[in-house]
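We name chains A, B, ... by the order of the sequence lines, and we start the count at 1 in each one. Only a predicted model underlies this, so the values are computations on that prediction, with no experimental measurement involved.
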Amino acid sequence: MNDSEISFSERVYTIVAQIPCGKVATYGDIAKRSGNVKAARAVGMCMNKNRDTYRVPCHRVVASTGELTGYAFGGVEAKRKKLLEEGIVFVGDRVDLKKSEWK
DNA sequence: AGATTGACCGTGT
DNA sequence: GACACGGCCAATC
């Protein structure tokens with residue numbers, strides 16, 4: 001810290017908070033938007049540490065394949081349910097990034 | 001300070 | 001489409 005006053009995590013949180021309802025973003029995409037194209041893993045770790053579910057809709061973040069990975073508030077099942085309620089298009093157990101990917 | 005881990009991704013077979 | 005391998009990042013032990 002000190003140059004931009006915000007850490008990588010804060011940057012990620014901000015980006016995730018910008019995801020509109022009914023849309024999802026991939027870790028890789030967030031990583032790109034955060035500045036580091038290859039920081040997808042770090043993004044996931046920040047999500048795991050994140051406690052502000054209402055401030056940061058981390059449930060709208062899925063893998064590049066559209067598959068739901070983890071969720072620190074009830075597991076992928078709760079995550080999938082939330083996405084379904086938000087109108088995310090599902091294809092089996094995966095999200096249809098073709099239609100619901102945030103871009 | 002060094003090693004390990006984790007909600008990943010891209011590529012090759 | 002599924003499985004295996006390697007690479008990269010940041011946080012944690």
Side-chain angles (χ1 to χ4, degrees):
Chain A
M1 58 139 165
N2 70 16
D3 18 312
S4 297
E5 320 322 330
I6 59 174
S7 303
F8 175 81
S9 351
E10 286 293 324
R11 203 157 43 214
V12 171
Y13 293 140
T14 304
I15 296 169
V16 176
Q18 304 310 303
I19 304 175
C21 186
K23 294 282 180 179
V24 297
T26 65
Y27 298 96
D29 191 30
I30 295 169
K32 289 177 186 176
R33 289 175 185 264
S34 68
N36 294 316
V37 189
K38 314 166 205 120
R41 272 178 126 159
V43 173
M45 196 175 296
C46 289
M47 295 293 100
N48 189 358
K49 283 203 349 159
N50 171 39
R51 305 293 182 209
D52 309 291
T53 337
Y54 293 95
R55 194 175 91 180
V56 183
C58 41
H59 63 269
R60 291 184 193 154
V61 186
V62 300
S64 62
T65 57
E67 186 171 24
L68 276 59
T69 36
Y71 191 54
F73 289 89
V76 296
E77 47 183 286
K79 188 173 178 179
R80 177 175 50 184
K81 189 173 182 179
K82 270 179 172 282
L83 293 173
L84 283 169
E85 289 186 33
E86 295 205 355
I88 304 297
V89 183
F90 267 75
V91 181
D93 279 12
R94 297 184 189 174
V95 177
D96 189 343
L97 297 175
K98 268 303 228 294
K99 298 177 182 175
S100 301
E101 185 179 27
W102 177 45
K103 50 183 180 349

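Side-chain N/O atoms of A:Ser9 include none lying less than 4.0 angstrom from OP1 or OP2 on C:dA10.
Base contact: A:Tyr27 has a heavy atom under 4.0 Å from a base atom. Heavy atoms of A:Arg80 sit nowhere under 4.0 angstrom from any nucleic acid atom.
The same atom, P, is picked in B:dA7 and in C:dG7; the two are 22 Å apart, to the nearest Å.
The shortest heavy-atom contact between A:Trp102 and A:Lys23 is CB-CB, 4.0 Å. Among all heavy-atom pairs drawn from A:Leu97 and A:Gly66, the shortest one is CD1-N, 3.5 Å.
Side chain of A:Ser9 to backbone of A:Cys46: no donor-acceptor contact under 3.5 angstrom is found. Listed for the A:Lys79 side chain is a donor-acceptor partner under 3.5 Å among the backbone atoms of A:Val61.
What separates CD of A:Glu67 from C1' of C:dC3 is a distance of 13 Å, to the nearest Å. Look at CZ on A:Arg94: it is 5 Å from P on C:dA2, rounded to the nearest Å. Atoms OH (A:Tyr13) and P (B:dA7) sit 13 Å apart, rounded to a whole Å.
Here A:Cys58 pairs with A:Met47, A:Asn50, A:Thr53, A:Tyr71 under the side-chain contact (heavy atoms from CB on, under 4.5 Å) rule; sequence neighbours left out.
Contacts between residues 31-38 of chain A and DNA chain C, counted as heavy-atom distances below 4.0 Å, involve A:Asn36, A:Lys38. Contacts with DNA chain C (heavy atom under 4.0 Å) in residues 40-64 of chain A: A:Arg41, A:Ala42, A:Met45, A:Lys49, listed by number.
Hydrophobic clustering places A:Ile19 together with A:Val12 (ILVMFWY residues linked when any side-chain heavy atoms are closer than 4.5 Å, directly or through intermediates).
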Which pairs would a plain distance check flag for residues 33-44 of chain A, meaning a side-chain donor or acceptor within less than 3.5 Å of a matching protein atom at least two apart in sequence or in another chain?
unit_1  : atom_1 : unit_2  : atom_2 : d
A:Arg33 : NE     : A:Asp29 : OD2    : 3.4
A:Ser34 : OG     : A:Ile30 : O      : 3.3
A:Ser34 : OG     : A:Ala31 : O      : 2.6

Intra- and inter-strand pairs of DNA chain B in dot-bracket (Watson-Crick or G-U wobble, both distances under 3.5 Å; | for another strand): .|||||.||||||
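Residues A:Leu83 and A:His59 are in side-chain contact: their nearest non-hydrogen atoms beyond the backbone lie under 4.5 Å apart.
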Worked verdict on A:Tyr13 versus A:Ile6 for side-chain contact (heavy atoms from CB on, under 4.5 Å): CA-CA 11 Å; A:Tyr13 293 140; A:Ile6 59 174; over 6 Å; no
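Screening residues 92-103 of chain A for salt bridge (charged side-chain N to carboxylate O under 4.0 Å, His left out) gives A:Arg80-A:Asp93 as the qualifying pairs, with residues at least two apart or on separate chains.
No more than 12 heavy-atom neighbours from other residues, nucleotides or ligands sit within 6.0 angstrom of NZ on A:Lys32.
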